[in-house]
Amino acid sequence: MDCRMTARGAEIPASPEFDLAQTLNCGQCFRWELLPDGCWQGVVSGRRVKIREQDGKVIFFGVGGREFERVWAPYFDLDFDYAAVRRALSRKDPVLRRAAEFAPGIRLLRQDPWEALCSFIISQNNNIPRIKGIVARLCEQFGDDLGGYSSFPGAERLAPLREQEFAPIRCGFRAKYILSAARKVASGEVNLEALRAAPIEEARASLTTIYGVGEKVAECELLYGLHRLEAFPMDVWMKRAMSVLLPGRTPQQLGKYAGIAQQYLFHYSRCNAGLFSA
DNA sequence: GCCCAGGTATAAA
DNA sequence: TTTATACATGGG
């Protein structure tokens with residue numbers, strides 16, 4: 001991805017294939033906020049930046065060329081041809097076509113695997129505004145002070161804590177789940193980096209050994225934390241999604257399959273505008 | 001107040 | 001194997 005350097009920072013041409021609001025506000029990440037000045041602010045790799053789209057450009061304020069190439073281009077997956085994927089999806093199924101057209105600028109972030117795992121543990125039976133709040137308090141309480149903002153606390157930082165020390169985070173029953181994840185990751189019992197290359201079923205099985213990580217959170221981590229796109233074979237989830245729409249399903253079945261099918265379809269569907277409201 | 005949220009563990013059917 | 005409930009908290 002070619003970027004141009006200006007006094008403001010790194011700039012790339014704006015494109016319908018890269019929409020900040022669609023990408024950052026859709027529930028795949030929880031540490032970005034839209035500031036009143038129109039900039040999106042987030043913390044990635046210990047660096048806080050402001051990004052905005054303006055005058056046909058996406059501007060990464062204060063970011064140098066080297067940092068852009070090493071941090072931001074990979075984070076936003078800028079070298080991947082999403083348009084080609086959308087074309088393929090559109091050919092495959094009319095629902096996906098509609099969906100792809102609905103959110104054409106969404107991208108699959110390459111997030112830190114540990115941060116993603118924690119975030120999706122927190123996300124269970126929860127809503128996005130509160131998830132963001134809990135994640136923010138987790139960073140503020142246990143992250144390193146990076147000068148006006150905090151890092152996401154590593155597994156080794158959380159692993160020694162006691163459950164009651166999570167009280168200020170107000171994450172409720174999820175504290176014991178976060179602790180289980182932290183301890184397994186810190187001890188190496190679950191090796192997130194290794195799971196990037198492991199056979200997909202092996203990776204899924206390893207993740208679900210964590211107390212509080214079930215099918216859904218594991219899928220989230222595979223897709224959003226480990227960038228394992230193959231965790232979501234489209235045909236399978238499409239069929240499940242369709243079956244969910246049929247009448248006569250129990251709440252259990254609805255919850256189980258609707259959630260997971262939605263997980264896959266999320267990038268390309270969720271054809272309701274409310275999802276992307278700031 | 002009330003409903004419910006990008007679920008999971010657990011007990012009970 | 002499948003289904004119902006509790007779980008902590010707070011947004012809308």
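A quick note: this is a predicted structure, and the numbers were derived from the prediction, not measured. When reading the values below, keep in mind they use all heavy atoms of this one structure, side chains included, and skip hydrogens, waters and symmetry mates. First the proteins, then the strands, lettered A, B, ... as listed; each starts at 1.
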May I have all residue pairs that pass salt bridge (charged side-chain N to carboxylate O under 4.0 Å, His left out) and include part of [range], sequence neighbours excluded?
range                       : value
residues 122-151 of chain A : none
residues 159-180 of chain A : none
residues 48-65 of chain A   : A:Asp37-A:Lys50
residues 68-83 of chain A   : A:Asp77-A:Arg110

[X] [atom1] to [N] [atom2]: how many Å, rounded?
X        : N      : atom1 : atom2 : answer
A:Ile178 : C:dT9  : CD1   : P     : 13 Å
A:Phe173 : C:dA8  : CZ    : C1'   : 7 Å
A:Gln111 : B:dG6  : CD    : C1'   : 14 Å
A:Leu207 : B:dT8  : CG    : C1'   : 15 Å
A:Leu223 : B:dG6  : CG    : C1'   : 12 Å
A:Tyr177 : C:dA6  : OH    : P     : 14 Å
A:Leu179 : C:dA8  : CG    : P     : 13 Å
A:Arg170 : C:dG11 : CZ    : C1'   : 13 Å

Remaining members of the apolar cluster that contains A:Tyr149, side-chain heavy atoms under 4.5 Å: A:Val43, A:Leu146
Under-4.0 Å side-chain N/O to phosphate OP1/OP2 contact, A:Lys176 with C:dA8: yes
Any A:Leu222 side-chain heavy atom under 4.5 Å of A:Ile200 side chain: yes
Selection from C:dG10, C:dC7, B:dT8 that lies nearest to any side-chain heavy atom of A:Val217: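 My answer, after comparing the listed nucleotides, is B:dT8.
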Of the listed nucleotides C:dG10, C:dG11, B:dA9, the one nearest the side chain of A:Tyr211: B:dA9
Parallel, tilted or perpendicular: ring planes of A:Phe76 versus A:Phe18, cut at 30 and 60 degrees: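 Taking A:Phe18 first and then A:Phe76, their aromatic rings sit tilted (interplane angle of 30° to 60°).
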Got a list of protein N/O to nucleotides 2-5 of chain B N/O distances below 3.5 Å?
residue	atom	partner	partner atom	Å
B:dA5	O3'	A:Asn126	O	2.5
B:dA5	N7	A:Asn125	ND2	3.4

A:Gln124 or A:Pro129, whichever maps to the more 5' nucleotide of DNA chain C: A:Gln124
Taking the same atom, [atom1], in [N] and in [M], what whole-Å distance lies between them?
N      : M     : atom1 : result
C:dA6  : B:dC4 : C1'   : 15 Å
C:dG10 : B:dA9 : C1'   : 23 Å
B:dA11 : C:dA8 : P     : 15 Å

